[in-house]
Amino acid sequence: MIYNYQPKETPDMSDALLKAYSEIDPKNLTHPTLAFLRSYWDEKRGARLMPSRKEIRPSDLRSHLGYVLMIEPIDDCADFRYRLIGTLVTQYFLTDATGKTVSESFAHHGTAAVKGVTALLRKTARDCIPMRSYGDANWLQQGLESFEAIYLPLSDDGKTCNMILHAFVFDRSKVMMAREIARANGGELPVIS
């Protein structure tokens with residue numbers, strides 16, 4: 001099932017947010033990193049609902065680590081904390097939010113952005129189900145190209161999600177080219193605090 005994950009209660013949401021979509025329990029992933037992580041997650045969980053964090057080994061993810069994030073649900077999924085963010089993801093967003101919450105990291109993008117990202121993470125954590133998101137990230141800020149992402153719940157007790165294995169992918173060459181063109185034409189990259 002594919003749907004737009006914008007929260008209905010957000011009156012200040014821009015029309016641009018409508019360009020971001022999500023899918024519950026995606027099976028057909030074409031990006032190599034997303035396909036690998038989904039397969040890896042399925043292999044590690046076996047017949048269980050989800051694998052544990054300790055079963056995820058960085059050495060197994062070596063060629064994909066630049067796109068990988070680990071996100072911890074906090075306060076009964078009221079917010080989420082970034083525990084690990086891959087270097088390619090920090091290049092995309094021009095910042096490293098490791099240790100920050102989603103609320104802190106997306107606050108400067110507005111309430112709609114915080115609620116949209118939190119809703120997707122909350123669905124993953126509470127339903128203990130993989131999610132995929134994709135679309136145009138210009139709803140966050142100009143200069144961010146299209147993205148695709150997967151969210152995979154992890155659990156130490158086999159019942160409650162206590163970490164989300166997440167990969168955020170994009171066409172790096174397209175993003176870097178757009179930024180170089182902006183620089184060459186006297187444009188400035190967005191500044192994120």
J.: Where is the tightest heavy-atom contact between Arg81 and Gly99, given as atom of each residue plus distance?
T.: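 In terms of heavy atoms, the two residues are closest at NH1-O, 2.7 Å.
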
J.: Compare all side-chain heavy atoms of Thr98 with those of Arg83 and state whether any distance is below 4.5 angstrom.
T.: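 SC-SC contact between Thr98 and Arg83 ruled out.
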
J.: Going by the salt bridge (charged side-chain N to carboxylate O under 4.0 Å, His left out) test, which pairs reach into residues 148-167, not counting sequence neighbours?
T.: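 Residue pairs with at least one partner in residues 148-167: Arg132-Glu148.
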
J.: State which residues pass side chain to side chain donor-acceptor pair (under 3.5 Å) with Glu43; sequence neighbours excluded, sorted by chain then number.
T.: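 For Glu43 there are no side chain to side chain donor-acceptor pair (under 3.5 Å) partners, ignoring immediate neighbours.
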
J.: Please assess Arg126 against Asp76 for the test side-chain contact (heavy atoms from CB on, under 4.5 Å), listing each intermediate value before the final yes or no.
T.: CA-CA 9 Å; Arg126 287 195 176 153; Asp76 195 30; 4.3 Å; yes

J.: When rounded to the nearest 0.5 angstrom, what is the spacing between CZ in Phe106 and OG1 in Thr101?
T.: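 Between atom CZ of Phe106 and atom OG1 of Thr101 there are 10.5 Å.
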
J.: Scan Leu34, Leu69, Thr33, Val68 and name whichever one has a side-chain contact (heavy atoms from CB on, under 4.5 Å) with Phe168.
T.: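 By the side-chain contact (heavy atoms from CB on, under 4.5 Å) criterion, Phe168 pairs with just one of Leu34, Leu69, Thr33, Val68: Leu69.
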
J.: Please step through side-chain contact (heavy atoms from CB on, under 4.5 Å) for the pair Leu88 and Val169, ending with a clear verdict.
T.: CA-CA 8 Å; Leu88 295 174; Val169 298; over 6 Å; no

J.: Minimum heavy-atom separation for Pro51 to Pro153, with atom names?
T.: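 Here Pro51 and Pro153 meet closest at CD-O, 4.0 Å.
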
J.: Return yes if some donor-acceptor pair links the side-chain N/O of Arg53 with the main-chain N/O of Ile56 below 3.5 Å, else return no.
T.: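 Answer holds: yes.
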
J.: Asp96 versus Tyr82: any side-chain heavy-atom pair under 4.5 Å?
T.: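 They are not in side-chain contact.
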
J.: Tell me if a side-chain donor or acceptor on His166 pairs with a main-chain N or O of Ile150 at a distance below 3.5 Å.
T.: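 Yes, His166 side chain to Ile150 backbone: donor-acceptor pair under 3.5 Å.
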
J.: Could you report the tightest heavy-atom contact between Ala125 and Cys161, atom names first, then the distance?
T.: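 Result for this residue pair: O-CB, 3.4 Å.
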
J.: Atom CE of Met50 and atom CG of Leu165: how far apart are they, to the nearest 0.5 Å?
T.: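 Reported value, rounded in 0.5 Å steps: 13.0 Å.
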
J.: Is any side-chain heavy atom of Ser146 closer than 4.5 Å to one of Tyr134?
T.: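 No, too far: nothing below the 4.5 Å cut-off.
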
J.: I'd like to check the side chain to side chain donor-acceptor pair (under 3.5 Å) partners of Thr124; sequence neighbours left out, ordered by chain and number.
T.: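 If we apply the side chain to side chain donor-acceptor pair (under 3.5 Å) test to Thr124, skipping adjacent residues, there are no hits.
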
J.: How far apart are the closest heavy atoms of Ser22 and Leu120, and which atoms are they?
T.: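 What the structure gives for the nearest pair is CB-CD1, 3.8 Å.
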
J.: Transitively linked via ILVMFWY side-chain contacts under 4.5 Å: Leu121 with Leu49?
T.: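 Yes, one cluster joins them.
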
J.: In Å, rounded to the nearest 0.5 Å, how long is the span from CZ of Arg45 to CG of Leu152?
T.: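 So the CZ of Arg45 and the CG of Leu152 are separated by 9.5 Å.
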
J.: Looking at Ser39 and Phe36, would you say the former's side chain and the latter's main chain have a donor-acceptor pair under 3.5 Å?
T.: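 Flag not set: sc Ser39 to bb Phe36 has no pair under 3.5 Å.
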
J.: Between Lys123 and Ile24, is any pair of side-chain heavy atoms under 4.5 Å apart?
T.: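 They are in contact (side-chain heavy atoms under 4.5 Å apart), so the answer is yes.
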
J.: Can you find a pair of side-chain heavy atoms, one from Leu154 and one from Met70, that are under 4.5 Å apart?
T.: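 The answer is yes, as the side chains (C-beta and beyond) meet within the 4.5 Å cut-off.
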
J.: For Ser52, enumerate each residue passing the side chain to side chain donor-acceptor pair (under 3.5 Å) test, keeping only those at least two apart in sequence or located in another chain.
T.: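 Counting only residues at least two positions away or on another chain, Ser52 forms a side chain to side chain donor-acceptor pair (under 3.5 Å) with Glu55.
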
J.: Can you list every pair that meets salt bridge (charged side-chain N to carboxylate O under 4.0 Å, His left out) and has a residue in residues 27-40, with sequence neighbours left out?
T.: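 Those involving residues 27-40 are Asp25-Lys27, Asp25-Arg38, Arg38-Asp42.
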
J.: What's the verdict on ring pair (Phe, Tyr, Trp, His ring centres under 6.0 Å) for Phe170 and Phe147, showing C-alpha distance, side-chain angles and the deciding distance?
T.: CA-CA 5 Å; Phe170 56 95; Phe147 73 95; 9.7 Å; no

J.: Using the side chain to side chain donor-acceptor pair (under 3.5 Å) criterion, which residues pair with Tyr40? Sequence neighbours excluded.
T.: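 By the side chain to side chain donor-acceptor pair (under 3.5 Å) rule, Tyr40 matches Asp60.
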
J.: Measuring from Ser103:OG to Asp75:CG, what's the distance to the nearest 0.5 Å?
T.: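 So the OG of Ser103 and the CG of Asp75 are separated by 9.5 Å.
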
J.: In Å, rounded to the nearest 0.5 Å, how long is the span from OG1 of Thr87 to CG of Leu65?
T.: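 So the OG1 of Thr87 and the CG of Leu65 are separated by 8.5 Å.
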
